[in-house]
Amino acid sequence: GYSFASTLVVFTLSNQRNEEVVPHSTGTDIHNMASNQRKRTAILQALPWYLRENPSKFLKLCEPTDRKDVIKGMTIGILAVVEDVKEPLPAIYSDVVLVVEEHAVLRKLGDEPNAFMNLMGLLYALNMNYPKDLRYTFEVIQCLFMGIGIESCTARVHTLKNKLLS
């Protein structure tokens, strides 16, 4: 089947190759990739709040001059570097960085959806656990967006799945 989750994964992977990907299964044309990426960003930023988790230690926004101060104390997270931190969904990122144990491990990721998918791959490759504060957020990304382990998801994630499919 075709879903928003598969779109998120397909477009995130396609952005790494700088290609324009049009989903073949729906027959619809995606005219504005930037608009779709902003929607994905909004969903990924809102998902922890919807699941009653606090992403303030995980998702951080800063100006280019504050980068080193902001990553202090970050165990794992995504740092979006923008010119104006007052804008909740910036159109242009100066940099998007994956942070592990106060170190920038991947830079120039383009946008937050791409950073999330790279983080999922990094956590899998390094056999690291998801952040405990965002257990359900990562479970939703894994089970619902990526379709991995959907049969063994928790009740909270299963409830969200049912709401999305109703």
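Below, all heavy atoms of this structure are taken into account, side chains as well, without hydrogens, waters or symmetry copies.
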[X] vs [Y] side-chain heavy atoms within contact, under 4.5 Å:
| X | Y | value |
| --- | --- | --- |
| Met128 | Ile76 | yes |
| Leu51 | Arg156 | yes |
| Thr75 | Pro131 | no |
| Val140 | Leu134 | no |
| Leu98 | Ile78 | yes |
| Glu63 | Val82 | no |

Check whether the side chains of Thr137 and Glu53 place a donor and an acceptor atom closer than 3.5 Å, and report yes or no. yes
Going by atom types only, do Thr154 and Glu139 share a side-chain donor-acceptor pair under 3.5 Å? yes
Could you walk me through whether Val96 and Val81 pass side chain to side chain contact (heavy atoms under 4.5 Å, CB included), step by step? CA-CA 6 Å; Val96 179; Val81 182; over 6 Å; no
Do other residues, nucleotides or ligands put more than 12 heavy atoms under 6.0 Å from the CG atom of Asn129? no
More than 12 foreign heavy atoms under 6.0 Å from CG of Leu165: is that the case here? yes
Answer yes if Phe116 and Tyr93 sit in the same cluster of Ile, Leu, Val, Met, Phe, Trp and Tyr residues linked by side chain heavy atoms under 4.5 Å apart, and no otherwise. yes
For the [atom1] atom of [X] and the [atom2] atom of [Y], what is their distance to the nearest 0.5 Å?
| X | Y | atom1 | atom2 | result |
| --- | --- | --- | --- | --- |
| Leu79 | Cys62 | CG | SG | 4.0 Å |
| Leu59 | Trp49 | CG | CH2 | 9.5 Å |
| Glu112 | Ile43 | CD | CD1 | 12.5 Å |
| Leu109 | Asn118 | CG | CG | 5.0 Å |
| Leu44 | Gln37 | CG | CD | 9.5 Å |
| Met74 | Phe58 | CE | CZ | 7.5 Å |

Going by an N to O cut-off under 4.0 Å, is there a salt bridge joining Arg67 and Asp95? yes
Aromatic centroids of Phe145 and Phe138 separated by under 6.0 Å: no
Yes or no on side chain to side chain contact (heavy atoms under 4.5 Å, CB included) for Asn54 and Asp133, after CA distance, side-chain angles and deciding distance? CA-CA 7 Å; Asn54 185 350; Asp133 297 346; over 6 Å; no
CA sep, side-chain torsions, deciding dist, call: Ile150, His158, side chain to side chain contact (heavy atoms under 4.5 Å, CB included): CA-CA 8 Å; Ile150 197 163; His158 191 68; over 6 Å; no
Is it true that a side-chain atom of Asp111 and a backbone atom of Asn114 form a donor plus acceptor pair closer than 3.5 Å? yes
The side chain to side chain donor-acceptor pair (under 3.5 Å) partners of Ser94 (sequence neighbours excluded) come to Glu83
